[in-house]
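What you see is a predicted model, and the numbers here were worked out from it, not measured in a lab.
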Amino acid sequence: MSIYHEASRELIERAKYSEEAFIELYNQYVTRVLRFLLVKTGQREVAEDITQETFVTVLKKLNTYTVRGAPFSTWLFQIALNHLRMHCRTHHRTESLYDDEGEVVFDIATEGGEYREAWMDFFIALRHLTDEDQNLLLMKYIDDRSNGEIAKTLDISTITCGVKIHRALNRLQRHL
Amino acid sequence: MKNAEQQLKWAREQALGMHAGDFKVRLQETLRVAWKTRESQLSHDRIITKKPLSLKRAFGFAATGLLVIIFATFSAAKVGEVQKENVSYLNTGGGGGMTSELGLYYGEGIGLSPSSRQREIISSVFEPFVDDRAYRYGDGKQLFDESIGYTMKVRGESDDEIGGIRTEATNLGGAVVRVQRYDDVGEIMMRLEMPQETITVFEAYLESLALDDTFRRSDYAVENVSQKVVTIEKDIAREESALKRFQDQLARTSSSTIRRRIEKNIAEAERSLKERNAERARVIEKYDMVKVSVRITEKKSFWSGAYWQYDRETVGGAILYQLSRGVFMIINTFGFIISLLFYGMLAVIVWKLGKRLFGRRYPDEL
């Protein structure tokens with residue numbers, strides 16, 4: 001069961017015309033999005049940029065959002081993943097793991113303190129997976145979402161989602 | 001080796017402990033500013049677009065209405081010509097005559113003045129109108145002269161062909177008795193009567209029409225009165241032969257019962273013979289002309305879609321019939337579609353113009 005609470009329908013509807021309600025909605029989800037993007041990109045600056053772009057888009061498009069049964073986070077993470085893809089496309093995702101000075105570009109690992117090595121191993125192993133595999137695993141384990149919610153975000157069936165997560169885990173296991 | 005799932009759960013625990021710093025606060029402020037900017041832009045849009053919004057809808061309605069009108073117009077339009085029934089009648093000029101339901105006056109032919117204005121009955125529908133009473137123009141005597149003006153509507157070159165046949169028939173001492181016109185198919189069925197000795201000349205004239213590729217003659221038939229008489233005479237011969245057999249049987253039979261039966265047969269045969277002979281005399285007396293019928297069909301190009309001109313009884317004709325029918329459907333459908341597309345494009349242009357002039361605009365960036 002997810003540790004996160006989804007926004008109520010009433011809050012979402014109010015957020016369409018009330019600034020305070022929108023800020024309340026923002027506060028409810030910003031940490032989740034930022035955390036996901038931090039682990040996904042391993043770079044704080046990038047994660048913050050994408051988070052900002054995500055919520056600006058939510059502000060523009062919230063009027064078009066209709067509550068249909070899927071949690072608000074489904075739509076939110078779709079926007080976040082789109083911005084992430086655009087960012088990777090723009091900044092050439094396949095750059096080296098190391099910068100010009102030989103430092104690993106995972107500043108999160110640096111922030112990890114005593115767990116720096118563990119983070120490094122984790123990021124390096126994660127980098128061996130495809131984007132889709134990474135998204136699946138991070139949404140499942142970092143954002144603590146169910147297979148059904150992940151399936152709706154990625155627009156795949158729940159069964160397919162379960163199979164893909166299982167395979168992604170196996171692939172990650174091989175690189176750890 | 002580390003377990004992948006455990007590694008991910010560890011990463012989650014670590015990530016939960018990560019602080020966002022002042023990023024959340026900064027982003028919150030950014031979003032508040034963005035919200036206010038958005039609100040002011042929306043208010044501006046509402047003021048400007050309030051009135052023209054209805055105009056925008058009016059443009060949309062006009063475009064839609066235009067399409068609806070076009071549809072209605074095309075639905076109401078009929079393919080081909082709609083003919084009104086044009087009924088002509090005979091002016092006897094002096095005695096009375098019977099009036100049919102169609103307001104026709106017809107006489108028995110005697111006493112008709114050559115200068116009388118006489119016109120044919122025209123059928124304007126696909127299936128010919130047939131009313132035998134209307135066509136009894138006096139035993140086939142000369143009924144028409146060249147001073148008669150046509151009242152029927154003719155199309156194209158068929159006017160000359162009909163006039164030519166009428167003139168030729170009249171010159172030969174005959175007359176046009178009936179004209180059945182099928183306007184939509186460009187076809188005319190004419191029935192004439194003329195002295196049988198002139199038939200060879202008339203046939204030669206009709207042959208000359210074949211030189212004109214525009215028209216096709218078909219269903220040319222001559223009913224020779226003498227043929228009718230020949231048929232009756234054959235029947236008479238057969239019955240005379242039967243009568244003679246009965247008479248021979250009677251002579252050979254002595255049985256009274258059988259004789260009575262044979263005598264009955266003889267009486268019946270004699271009565272029939274008498275009737276047939278009377279009919280022969282009647283036919284010979286009544287008809288001294290031959291009846292001619294000819295169908296004149298205006299040839300149309302294959303690409304005009306006039307599928308009705310092909311004879312389905314033949315293999316080649318049946319193939320051409322079907323192909324031409326396809327052309328007909330294409331012509332009648334394609335033209336409509338082209339027009340529809342044209343007016344549809346017009347409607348879209350009107351719509352887009354209205355949208356551009358009065359449509360709501362949003363800023364690209366907050």
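For A/L169, the parts lying under 4.5 angstrom from a heavy atom of chain B are both the backbone and the side chain. Contact of A/F36 with chain B is not made at all, since no heavy-atom distance falls under 4.5 Å.
The heavy-atom pair separating A/L59 from B/A34 by the smallest distance is CD2-CB, 3.3 Å.
Checked by atom type, the side-chain pair B/E5/A/Y141 shows a donor-acceptor distance below 3.5 Å.
A heavy-atom distance below 4.5 Å is found between the side chains of A/N27 and B/Q28.
Of the charged side-chain nitrogens involved, none lies within less than 4.0 Å of a carboxylate oxygen, so that A/E48 and B/K24 do not count as a salt-bridged pair.
Shown here is B/L341, whose CG atom has more than 12 heavy atoms of other residues, nucleotides or ligands within 6.0 Å. No more than 12 heavy-atom neighbours from other residues, nucleotides or ligands sit within 6.0 angstrom of NZ on B/K352. Residue A/R85 qualifies as enclosed at atom CZ: its count of foreign heavy atoms under 6.0 Å is above 12. Heavy atoms of other residues, nucleotides or ligands lying less than 6.0 angstrom from CD of B/E13 number more than 12.
In this structure, the separation between CG on A/L126 and CD on B/Q7 is 10.0 Å, given to the nearest 0.5 Å. Distance check, rounded to the nearest 0.5 Å: OG1 of A/T51 to CZ of B/F23 gives 4.5 Å. Annotation: the span from A/Q52 atom CD to B/T30 atom OG1 amounts to 5.0 Å, rounded to 0.5 Å. Here the straight-line distance linking atom OH of A/Y26 with atom CH2 of B/W35 works out to 15.0 Å at 0.5 Å rounding. The distance from the CZ atom of A/F122 to the CD atom of B/Q14 is 11.0 Å, given to the nearest 0.5 Å.
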Next item on the list: Dump the intermediate steps for side-chain contact (heavy atoms from CB on, under 4.5 Å) on A/V58 and B/L31, then the final yes or no.
Entry: CA-CA 10 Å; A/V58 168; B/L31 290 173; over 6 Å; no
